[in-house]
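To start, the structure under review is shown below, and the notes come after it.
We use all heavy atoms of the structure for the numbers below, so side chains are in, but hydrogens, waters and symmetry mates are not.
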Amino acid sequence: MTERPTVEPLTGTVALARGFFRVRRDPEPFMAGLAHRAIEGLPFPLDGHRVLDLGCGTGHLGSELDRRGHDVVSIDLSMSDLLAGRPPRAFQGDATRLAVRDASFDGVICSNILEHTPTPALVFGEIERILRPGGWAWVSWTPWWTPFGGHAIAPLHYLGPERGLRAYRRVFGEPTGKNLPFDGVWPTTVAAMLDAVEAQPGLALIDAVPRYYPSQRWLMRLKRVREVAVWNCALLIRRAESA
């Protein structure tokens, strides 16, 4: 199994926030702690289940599952991330067209890739296809209008992707990083992603919560507020028992 440094779990919102604001200087404790917290909170069975870490990046979620002895496969489009993190049983692949057999996984975890593809609805289509009947998925992402939704140009993304990028360049110069509007990150909304799940006949939405503070799920009922306030949104999804 893949070995990663032992970290203290992020047991509360304050600890999570503290780690978040240190992430650029020292990302490992935050990412590993966040993975621990996410896996601990999954309401689905894991023992004996084959789980796909879809868009695994450097592999914190998959490695946490692997550390616990679960059967996990990791897929990401970026070979550099795969080589840097060396997640368990890792393969390069595109989340919108996976070289994976139908109904071959019991569960899917998919963290923060919906905003990094121009066609996130296709990701849900692939999740439906590869899940076995009765399978489950946990999907999270950063909506555009949340404080860091603009990634490299935040907070000027509130001006919109094109205008925000122009303003950022005038004020700060060329943005650093790889996630520029329409070149690494695409605007997403909570509403659009909920609609994308509903459009898949074999998927049913179980719950939708702010990932970092799931006890505040009431925010999801406020359609305008949730687009700004959830920071990172997590969806719990179930595959229908039959097509």
Within-4.5 Å side-chain heavy-atom neighbours: Leu61 and Cys56:
no
Could you tell me whether the side chain of Glu115 reaches within less than 4.5 Å of the side chain of Pro120, counting heavy atoms only?
no
Count I, L, V, M, F, W, Y as connected when their side-chain heavy atoms are under 4.5 Å apart, and connections chain through other members. Are Met193 and Tyr212 then in the same cluster?
no
Here's a test for you: under side-chain hydrogen bond (donor to acceptor under 3.5 Å, both in side chains), which of Arg239, His49, Arg132 qualifies with Asp106?
Arg132
Val230 side chain near Pro143 side chain, heavy-atom distance below 4.5 Å
yes
Can Ile237 and Phe124 be said to form a side-chain contact (heavy atoms from CB on, under 4.5 Å), step by step?
CA-CA 10 Å; Ile237 298 167; Phe124 289 111; 3.9 Å; yes
Got a salt bridge between Glu64 and Arg68, using NZ or NE/NH1/NH2 to carboxylate O under 4.0 Å?
yes
As an exercise, state the distance from CG of Asn232 to CG of Asn112, rounded to the nearest 0.5 Å.
4.5 Å
Test item: side-chain donor near acceptor, Thr58 and Asp81, under 3.5 Å
no
Taken in chain and number order and not counting sequence neighbours, the residues that satisfy ring pair (Phe, Tyr, Trp, His ring centres under 6.0 Å) with Phe172 are Tyr168
Take Asp66 and Arg89 through the test salt bridge (Lys or Arg N to Asp or Glu O under 4.0 Å) and record every step on the way to the result.
CA-CA 10 Å; Asp66 191 59; Arg89 289 172 289 285; 3.1 Å; yes
Is there a path of hydrophobic side-chain contacts, each under 4.5 Å between heavy atoms of I, L, V, M, F, W or Y residues, that connects Leu131 with Val123?
yes
List the steps and the verdict of side-chain contact (heavy atoms from CB on, under 4.5 Å) for Met220 and Trp218.
CA-CA 5 Å; Met220 298 299 297; Trp218 61 270; over 6 Å; no
For the backbone of Thr142 and the side chain of Thr146, can you confirm whether one donor and one acceptor N or O come within less than 3.5 Å of each other?
no
Given 3.5 Å as the limit, does a donor-acceptor pair link the side chain of Ser63 with the main chain of His60, or not?
no
Glu40 and Arg37 ion-paired at < 4.0 Å:
no
Please determine whether residues Leu205 and Leu114 belong to a single hydrophobic cluster, defined as Ile, Leu, Val, Met, Phe, Trp and Tyr linked transitively by side-chain heavy-atom distances below 4.5 Å.
yes
Does the plane of the ring in Trp136 sit parallel, tilted or perpendicular to the ring in Phe44? Use 30° and 60° as the thresholds.
parallel
If you count heavy atoms of other groups shown closer than 6.0 angstrom to CZ of Arg50, is the number above 12?
yes
Between Arg97 and Glu126 (salt bridge meaning N to carboxylate O under 4.0 Å), is one present in this structure?
no
Apply side-chain contact (heavy atoms from CB on, under 4.5 Å) to Ile113 and Leu54, showing your working.
CA-CA 8 Å; Ile113 70 167; Leu54 181 58; 4.3 Å; yes
Ring centres of Trp144 and His157 under 6.0 Å apart?
yes
To check you understand the geometry: which heavy-atom pair defines the closest contact between Gly55 and Asp76, and what is its length?
C-OD1, 3.1 Å
Is there a side-chain contact between Val73 and Phe105 in this structure, where contact means two heavy atoms from C-beta onward sitting under 4.5 Å apart?
yes
If a pair satisfies side chain to side chain donor-acceptor pair (under 3.5 Å) and one of its residues is in residues 187-207, list it, with sequence neighbours excluded.
Trp141-Thr188, Asp207-Arg217
Is the backbone N or O of Ser74 less than 3.5 Å from a side-chain atom of Asp53, with the two atoms forming a donor-acceptor pair by type?
no
For the side chain of Glu227 and the backbone of Val190, is there at least one donor-acceptor N/O pair under 3.5 Å apart?
yes
Check whether Val108 and Leu77 end up in the same hydrophobic cluster, where Ile, Leu, Val, Met, Phe, Trp and Tyr are linked by side-chain heavy atoms less than 4.5 Å apart.
no
After noting the C-alpha distance and the side-chain angles of Thr117 and Leu122, does the key distance pass the side-chain contact (heavy atoms from CB on, under 4.5 Å) rule?
CA-CA 9 Å; Thr117 173; Leu122 295 181; over 6 Å; no
Considering only heavy atoms from C-beta outward, does the side chain of Leu235 approach that of Leu194 to under 4.5 Å?
yes
How about Ile130 and Asp102: do any of their side-chain heavy atoms sit closer than 4.5 Å?
no
Any heavy-atom pair between the side chains of Arg169 and Leu165 that's under 4.5 Å?
yes
Cluster check Leu98, Ile127: I/L/V/M/F/W/Y, side chain < 4.5 angstrom
yes
